[in-house]
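Heads up: the structure comes next, in structure tokens.
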Amino acid sequence: MNRYNPNEIEPKWQAYWDEHQTYHANLNSDKPKYLAMSMFNYPSGAGIHIGHAMNYTISDVKARFKRQAGYESYHPVGWDAFGLPAENFAIKSGISPQASMAKIIPDYHKQYKAMGWSNDWQREIATHEPQYYKWTQWIFSQMYKHGLAYQDSRLQWWCEKDNTVLANEQIIDGKCWRHDGPDDPLVQQKEVKQWFFKITDYADELLDAIDDLDWTESVKLAQKNWIGRSEGIVYKNKVRDTELEIESFSAHFEAFTANTFVAIAPDHPLLESLVEGLDNKDETLSAAQKMANKRSLEGPKALGEMEGIFTGRYAIDSFGDEDLPIWITSYAIADYGTGIVLCSAHDERDFEFAQKYGIRLKPTMVPADAGEAEKVRNLEYCFTDMENGLLIEPQEFAGENAAGSRQRIADHLVSLGVAYKKVNYKMRDWSVSRQRYWGAPIPIIHCEKCGNVLVPDEQLPVVLPELDDFQPSGDGRSALGRATEWLNVECPTCGGPAERETDTLDTYICSSWYMFRYLDPRNEAKIFDSEIVNKWAPVDFYNGGDHATAHLLYARFVTRFFTKLGIMENPEPFKQMLFNGKVSASDGSPFSKSKGNGVDPLEIINSGYGADALRTYLMFAAPLEFGARWDPQGVPGAYRFLNRLWTLVQEYNAAPAGDVSADAARAVRQATHRMIYKVTLDIEENRYNTAISAAMTAVNDLFKLKVDNLAKHDVWQEALEALVCCVAPFAPYLAEELWHNLGHDDSVHVDHWPIFDESFLVTDTITLVVQVNGKLRSQIQVAADADQETIIQAAQADQKAAAHLDGKEIKKTIVVPGKLVNFVVI
RNA sequence: GGGCGAGUGGCGGAACUGGUAUACGCGCACGACUCAAAAUCGUGUUCCUUACGGAGUGAGGGUUCGAUUCCCUCCUCGCCCACCA
């Protein structure tokens, strides 16, 4: 008898699938379409790791299941090739990122195929290829033309030695990654001009559509919080002895007469004019600068260490007669709201800050309880509960519930002319430019006469020049700043001398639209064909264990933008999104290269267990949302299961033809159809672990039945075919081999999914549980269609149950059809 | 600090809308095959108790004939966001 040897059959079927293009999708097919994919892969020299094995197997199972069930199923593949790691490697090694990718990507091909993933390789894409990023640049142009791309100055981390901008991940303990010695300087902040996409224009639209998405709930919530819509008012206050008027946003303005001081962010642009004319102006500004730097470097670590500097200025209060001192505080943020806050006794931070610096506080909202109210008046603690708080002033709202009067208070403030209503968002505009070499060049030309000029569409792509040296140019620009031949161009408008923009586009743009390029990857005339995209979008199933906010939100934004351009119809890119858990090491800690506790998928495959056992284990170990914990015994366990299925088929093939008794046939069919039902439903609903356990149960049942009843017979043929089909999404190689062993010469992976027949599950007699006072006492067999009276009599007649009923009065009897009988006795 | 989720055998986990708690797998024990081992096959495996029986889903309370499931209080762990006014 043949032994199950994955190392033999896996390469064989890999070659077969390649040759027959089994997984090539016909996008014009009449079949219903299904598009499944996992988040884009960033190729690195390390190859695939166990997290990739997890992610891509999840979407592969889904794609295979649908392909078997008669869908035209497309499981695309591609590479998110631009990005900082490849550039850093190029700077260190001198090997160009283009060359690195040319070597790395073919390695991935082999690894993906070894994993048995059913990708359509004819439509492979890579974001660093000009034919792809031509359209990434086109998106920038369209944004620009529609007023959604603009330039602005922002603070960036800066290394004085390299004269270059640093990404957050390039800062190590406050120093540049390349200059982190004891004598090297700390990184500094510097204003740099940046390009932005106006995603905030879409904030409400993106927010409102979230509720209807079939996505993992935690991700939907993360997106809502990220957008962070809050309704409030903006106060206007004049500053004493100046011409200035400051504005401050407040979402909690109910106790508005409690405001006693003003907080301004240390990096606020208005700060300089605010202290203009004061004696200690310079000291104040430099102290503020220090505070700002410290905060952005130390980040959350500086939390709790609230610091303040008095500006020397006062705002004129709109309600009381005492001026409001203006303080620079470490907790006010320049780019949320207006960067200035009116502060009161009803905010934890304001309260704490005022106590620390001895600033006057004036509570105007108290709890209903008189004793507690007294404590709040005496500043014993900070009371912030607007829902339950009662206002004590001003006169027109005194005694009212703060939250209840919110709308009227807002209207009141507006009518007094001291404030206006405002909706504010946490979400900022999307910073899309990077002072980096390895990205898609921004298609802008700077002309002395004409200013910023868009590269005309017919001149796209602006091809990234190949260089020998990837060091930043030393003037704040990337290596592109030195590529003079590329850099100097004629202005498309006036023909005069001009220079190309040297910033490249954020890689999140590359990955914000790739799912649509998959549908028309070789189109040279258009970003994609609208008809094909309208047929195939949205992506039916999308999964990943990262990027809950940025990537998924940017993709939603760009998709919506496409619908405004009229090039596609559906405004949402991903119909269903599963946020799957990550694989962790057997001790529960995360896998990491530095710890050396990683598991190499290819090593496991080659050690003799095969890709099928690895895939099956990963999908079986835990619910997809949880994230599996790596168990060294797990893959051997999955292998044992696959081996038992293998044995069943081999023994069946060796068995003589013969009859199967009616009882045995029914038992085989019951096991089969119970399995079909559960596996189908469970895969559909992303419960892969219980789908596999259902297949295991069927194999165990058939193992028992085969002892006395195995014969070449339709019942067994049907059972084994069904099992092979149901296991095929998880263990595609084994399934293909066994499918052919069972006499087929086509692929099991296309259009073969068993049909569930309910009639095989119906039984004549059923087992009911007998309870006395809710405790299990016995079990009885009754006819499936027995009526209540018969069931109760049978239960009472049961010996074990009767023993517990003896001498007691039955107060109540509960019959749950098909389940149980419960006697309540005293 | 805020939000979300989860606590079930030695371990990963299962349990449909409140109805036999611990499916399936791992591990372990015993048996079969073998000169032997591995592999494979079979049986058993929540705890206490010789047994009858009893206890039991993080802790405590509640609703119910009946609670892993619903409600309240508390504890622990994980993830995400984090000075957002």
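Predicted, not measured: the structure shown is a model, and the values here were computed from it. So you know, we letter chains A, B, ... as the sequences are listed, proteins then strands, and number each from 1.
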Exercise. Report which part of the nucleic acid A:D631 touches: base, sugar-phosphate, or nothing (heavy-atom distance under 4.0 Å, all strands).
Key: sugar-phosphate

Pick the C1' atom in B:U50 and in B:A67, then give their distance to the nearest Å. 34 Å

Any A:R644 side-chain nitrogen or oxygen under 4.0 Å from OP1 or OP2 of B:C41 | yes

If we take the P atom in both B:C75 and B:G60, what is their distance in whole Å?
15 Å

Could you check whether A:R644 makes a cation-pi contact with A:F703, meaning its NZ or CZ is under 6.0 Å from the centre of the six-membered ring and within 45° of the ring axis?
yes

Between A:F620 and A:D350, the residue closer to the 5' end of RNA chain B by nearest nucleotide is A:F620

- Identify whether any heavy atom of A:G818 sits under 4.0 Å from a base atom; if not, whether one sits that close to sugar-phosphate; answer base, sugar-phosphate or nothing. nothing

With the side chain defined as heavy atoms from C-beta on, A:T690 is closest, among B:C83, B:A15, B:G54, to B:A15

Whole-Å distance, A:R674 CZ to B:C24 P, equals 12 Å

- Touch check for A:P623, heavy atoms < 4.0 angstrom, all strands: base, sugar-phosphate only, or nothing? sugar-phosphate

Practice problem: Report yes if a side-chain nitrogen or oxygen of A:N700 is closer than 4.0 Å to either non-bridging phosphate oxygen (OP1 or OP2) of B:G25; otherwise report no. | Solution: yes

Q.
What's the gap between B:C33 and B:U17 when it is taken at their C1' atoms, as a whole Å value?
A. 50 Å

Look at A:E245 together with A:K236 and state whether they make a salt bridge at an N to O cut-off of under 4.0 Å. no

Legend entry - Side chain to side chain, A:I199 and A:M427, heavy atoms closer than 4.5 Å: yes

A:K704 atom NZ is separated from B:G42 atom P, nearest whole Å, by 7 Å

- Message: Taking only the C1' atom of each, what is the distance from B:C47 to B:U57 in whole angstrom?
- Response: 13 Å

Interatomic distance at C1', B:A14 relative to B:G25, whole Å: 11 Å

With rounding to whole Å, what would you report as the distance between B:A32 and B:U22 at their C1' atoms? 29 Å

Review point. Hey, is the main chain of A:T338 close enough, under 3.5 Å, to the side chain of A:H268 for a donor-acceptor pair?
Key: yes

Do any side-chain nitrogens or oxygens of A:R640 fall under 4.0 Å of OP1 or OP2 in B:G27?
yes

Heavy atoms under 4.0 Å, any strand shown: does A:K775 hit a base, just sugar-phosphate, or nothing?
sugar-phosphate

Do the side-chain N or O atoms of A:Q779 get closer than 4.0 angstrom to the phosphate oxygens (OP1, OP2) of B:U20? no

Partner of B:G7 under the Watson-Crick or G-U wobble criteria, both distances under 3.5 Å, comes out as B:C75

Among the nucleotides B:A14, B:G19, B:C83, whichever has the atom closest to the side chain of A:V816 is B:G19

Atom CG of A:N580 and atom C1' of B:C79 are separated, to the nearest Å, by 14 Å

Checklist line | Same-atom distance (P) from B:C77 to B:A85, integer angstrom | finding: 29 Å

Are A:I792 and A:F823 close enough that some pair of their side-chain heavy atoms sits under 4.5 Å apart?
-> yes

Query raised in the report: Across the strands shown, which category fits A:N424 at heavy-atom distances under 4.0 angstrom: base, sugar-phosphate, nothing?
Result: nothing

